[in-house]
Number of protein chains: 2
Amino acid sequence: MLSTGLPQGTVPKLERPGPLRERVYDALLELITSRALRPGQHLVETELAGHLGVSRQPVREALQRLSTEGWVDLRPAQGAFVHEPTEEEADQLLVVRALLETEAARLAAGNASGRGIQRLKDLCAVGEDAVREDDVDAVVAANAAFHAEVMSQAGNAVLAELAAQVDQRVRWYYTPVARSRGMQSWEEHRELIDAVASQDEAAATRIMRAHTEHTRASYHERADRAEADA
Amino acid sequence: MLSTGLPQGTVPKLERPGPLRERVYDALLELITSRALRPGQHLVETELAGHLGVSRQPVREALQRLSTEGWVDLRPAQGAFVHEPTEEEADQLLVVRALLETEAARLAAGNASGRGIQRLKDLCAVGEDAVREDDVDAVVAANAAFHAEVMSQAGNAVLAELAAQVDQRVRWYYTPVARSRGMQSWEEHRELIDAVASQDEAAATRIMRAHTEHTRASYHERADRAEADA
DNA sequence: ACTCAGTAGACTGTAGACGATAGCCAAAAG
DNA sequence: CTTTTGGCTATCGTCTACAGTCTACTGAGT
């Protein structure tokens, strides 16, 4: 056992660098999702390496991973290009996410625990507060936290991992909609909590399916509007 | 237009090596799934490189990718270890695969086309022939092909990609069961074809869910039996 | 038996070099 | 004038070598 005599938390836990490839990965993902790197753009290894102050190797490993997760396309002997999203792919991602989230809700209802219900209620309250204060960023964050909690209570790590991947990509396509939509969906969250609390798997399934379907509809509304404008 | 005057196919089209990391990836995946590399085993980069006759770099990139797909665990500053499957994870994978396959069946029913139905019937016939001839390998292959065809007809690339990943991992845990199970499930395949042909999404969903549930049950039977033996 | 410094093995990252490949463009051939 | 050829450039794919660092083990000393 450690017995340094120091109170916990006083030592700043000198920053562990962690594998460099991880940080490069994070940095690139941030650049892509923030659209600083635009879809279709050619990512030159040496440029990225120079820009980030590292050598080519960590960059290559990060690109490798980004490629398996669908963020960049790796063309042999040409290099990495930021993936270009399409309407079709966006819709497919929404379908899959809806499927995964719905299953998570069902499983969560099967595993309902008092503590878990309370956590969901707390997160819901946080979200509703944020709505009242018109703090869009906080609403979006609370919404993500709520869904993550449901996913966690489903108790299926494989499901959670896939959902996390899909979710992040959806969010990339979808950022503008999420902001307008987040403001109006908290009533459905309450209904879901009731269903989970009463261990009603059918109701949880139905509510989550409707919830995700609304999301998908609002995505399409927006896409159609954008198309009409053009 | 090409006009070499050469009849097609006479030129052997000298093999292009393709990126080395791909071949290393394929080789390692084969070694893992064939259990030549055992779960928990430490994969030393230099050893693999030497054994495969390549340098460390392609090995590292292959390991990177295997790690994102769950085949190996990458512990920082220690290296790569073949992922150790657990009963819990196997069950979670089966749940997720069932979910994805069921959705695929539903979508396929919505997209039913004459040509597609015919392809499914053909594959089904191939499988039944293999059963009659007691060719277990052919049965397993036909079963995989049938499910892949359903997935393809669902017309959702994202879904298909996730399913392919999950499916391969399931198969790793599951190989012995698949062999005994494959022999008895072709009647359900016929039922599924009927449901798809009549565009009955509800029936397709129900049948595929039952089908995957049977699979899961036989997995657990076997796991329980193995536990009882031990 | 326990502690702890030292050491070996392995990973992580850097640097430089070389051949291979795709895309482009100008010059030569028909 | 059109097509083909050849060469040029940027970049990738790979290899080699080396330095830094982490982990786990070992063994002496208490």
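Within every chain, numbering begins at 1; the chains are lettered A, B, ... in the order of the sequence lines, protein sequences first and strands thereafter.
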Residue whose closest nucleotide on DNA chain D lies nearer the 5' end, B/Val54 versus A/Thr46: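 Final value for this comparison: A/Thr46.
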
Donor-acceptor contact present, side-chain A/Thr212 to main-chain A/Met208, <3.5 Å: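 Indeed, once roles are kept as given, a pair shorter than 3.5 Å links the two residues.
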
Test item: B/Gln92 side-chain N/O and A/Ala157 main-chain N/O as donor-acceptor pair under 3.5 Å: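 It does hold such a pair.
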
Evaluation steps, side chain to side chain contact (heavy atoms under 4.5 Å, CB included), between A/Gln64 and B/Arg21: CA-CA 10 Å; A/Gln64 195 71 26; B/Arg21 57 161 179 272; 3.4 Å; yes

Whole Å only: how far is the [atom1] atom of [X] from the [atom2] atom of [N]?
X	N	atom1	atom2	answer
A/Gln78	C/dC24	CD	C1'	13 Å
B/Leu48	C/dC11	CG	C1'	13 Å
A/Glu45	D/dC12	CD	P	4 Å
B/Leu52	D/dC15	CG	C1'	15 Å

Candidates D/dT11, C/dT12, D/dA24 - which lies nearest the side chain of A/Arg21: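 When the side chain of A/Arg21 is considered, C/dT12 is the closest of D/dT11, C/dT12, D/dA24.
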
A/Glu47 side-chain proximity, nearest of C/dT14, D/dT11, C/dA22: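 Out of C/dT14, D/dT11, C/dA22, the nucleotide with an atom closest to A/Glu47's side chain is D/dT11.
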
Whether over 12 other heavy atoms sit under 6.0 Å from A/Glu88 CD: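 No, CD of A/Glu88 has 12 or fewer neighbouring heavy atoms, counting only those of other groups under 6.0 Å.
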
Residues from residues 55-75 of chain A lying under 4.0 Å of DNA chain D - heavy atoms: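 Of all residues in residues 55-75 of chain A, the ones placing a heavy atom under 4.0 Å from DNA chain D are A/Arg56, A/Arg60.
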
Dot-bracket notation for DNA chain C, counting Watson-Crick and G-U pairs under 3.5 Å, with | for partners on another strand: ||||||||||||||||||||||||||||||

Stepwise side chain to side chain contact (heavy atoms under 4.5 Å, CB included) test for B/His83 and B/Arg169: CA-CA 11 Å; B/His83 181 72; B/Arg169 279 182 72 189; 4.0 Å; yes

Parallel, tilted or perpendicular: rings of B/His147 and B/His189 (30°, 60°):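 B/His189 vs B/His147 ring planes: perpendicular.
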
Residue-phosphate contact under 4.0 Å: B/His42 side-chain N/O, C/dC11 OP1/OP2: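 Yes, B/His42 has a side-chain N/O under 4.0 Å of OP1/OP2 on C/dC11.
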
